Amino acid sequence: MKTITRGQPKFAAGYLSAAKHQQIEERAVTVAEYIVDKNATVRQAAKAFGISKSTVHKDITDRLGEINQALAEQAREVLDRNKSERHIRGGMATKKMYDSKRKRTKEEDVGRTLRATARISGRTN
């Protein structure tokens, strides 16, 4: 029986080219600047740059410290503040959802009442 061995993946850790490393470092700096300038959350930054939340987090927490310590600290402060406020944002989003449902229910009740009134008035006239 033959055993099939496969070579190393093309971009395994330690096999990235210098150009690719440079590209990653530039992305980390750009993402951090965006977060600091806009007070953005990890989700907002990920969406703006078309990358995953995990990549944003890794860029800020791991990679940026080796590239630009001052910028890393500023970005970390913004992310920490966002993290401490997330439960408030979540509560506000939940409130907005229930207010929206409540408004739709009231509109539906008004519609039902109007239809019922029309039926009743149509029968008695």
Side-chain angles (χ1 to χ4, degrees):
M1 179 186 213
K2 286 186 180 179
T3 304
I4 299 174
T5 57
R6 297 179 189 228
Q8 290 292 330
K10 250 184 177 178
F11 297 107
Y15 290 96
L16 294 178
S17 68
K20 191 67 175 174
H21 278 290
Q22 181 67 30
Q23 200 176 24
I24 291 170
E25 289 176 357
E26 288 172 3
R27 181 191 64 215
V29 170
T30 306
V31 169
E33 288 172 347
Y34 178 84
I35 288 172
V36 171
D37 291 343
K38 307 270 187 196
N39 279 327
T41 63
V42 170
R43 285 177 188 255
Q44 291 168 337
K47 187 174 182 180
F49 289 92
I51 56 178
S52 71
K53 295 181 301 180
S54 299
T55 302
V56 171
H57 191 266
K58 185 168 181 96
D59 282 351
I60 302 304
T61 57
D62 296 345
R63 296 180 178 127
L64 193 60
E66 298 170 7
I67 301 166
N68 184 338
Q69 188 64 36
L71 182 58
E73 289 172 11
Q74 289 176 332
R76 190 76 234 166
E77 286 173 13
V78 172
L79 295 183
D80 287 343
R81 185 174 352 104
N82 287 336
K83 186 175 180 180
S84 70
E85 295 171 354
R86 71 181 172 187
H87 67 283
I88 296 169
R89 284 194 209 102
M92 289 171 32
T94 302
K95 181 183 184 308
K96 182 178 175 182
M97 176 187 72
Y98 282 110
D99 285 347
S100 174
K101 284 183 180 180
R102 199 173 298 119
K103 181 180 176 186
R104 282 195 311 265
T105 303
K106 284 182 183 178
E107 290 170 356
E108 290 168 0
D109 289 345
V110 168
R112 273 191 231 115
T113 303
L114 291 174
R115 286 191 301 276
T117 305
R119 268 184 296 193
I120 292 170
S121 64
R123 289 182 189 161
T124 57
N125 285 341

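The structure displayed is predicted, hence computed values, not measured ones.
- Rounding to the nearest 0.5 Å places CD1 of Ile60 at 6.0 Å from CG of Leu79.
- Transitive grouping of hydrophobic side chains (ILVMFWY, heavy atoms separated by less than 4.5 Å) keeps Ile24 and Val31 in distinct clusters.
- For the atom pair Gln44 CD and Ile35 CD1, the distance stands at 9.5 Å (nearest 0.5 Å).
- Note that CD of Glu77 and CG of Asn39 are 11.0 Å apart. Values are rounded to the nearest 0.5 Å.
- At least one side-chain heavy atom of Thr30 sits under 4.5 Å from a side-chain heavy atom of Phe49.
- With hydrogens and angles disregarded, no donor-acceptor distance shorter than 3.5 Å links the side chain of Asp59 to the backbone of Ala32.
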**Message:** side chain to side chain contact (heavy atoms under 4.5 Å, CB included), that's the test. Do Leu71 and Gln74 meet it? Break it down for me.
**Reply:** CA-CA 5 Å; Leu71 182 58; Gln74 289 176 332; 3.7 Å; yes

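- The CG atom of Leu64 sits 11.0 Å away from atom CZ of Arg76, with the distance rounded to the nearest 0.5 Å.
- Taken to the nearest 0.5 Å, the CZ atom of Arg63 stands 9.0 Å off from the OG1 atom of Thr61.
- Counting heavy atoms of neighbouring residues, nucleotides and ligands inside a 6.0 Å radius, atom CZ of Arg43 does not exceed 12 of them.
- Separation of atoms CD (Glu73) and CG (Asn68) is listed at 9.5 Å; rounding is to 0.5 Å.
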**Request:** Go through the steps to decide whether Arg102 and Asp99 satisfy the test salt bridge (charged side-chain N to carboxylate O under 4.0 Å, His left out), and finish with yes or no.
**Result:** CA-CA 5 Å; Arg102 199 173 298 119; Asp99 285 347; 2.7 Å; yes

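- At a threshold of 4.5 Å between non-hydrogen side-chain atoms, the residues Glu33 and Val36 do not count as touching.
- Nearest heavy atoms, Tyr34 versus Ala45: CE2-CA, 3.8 Å.
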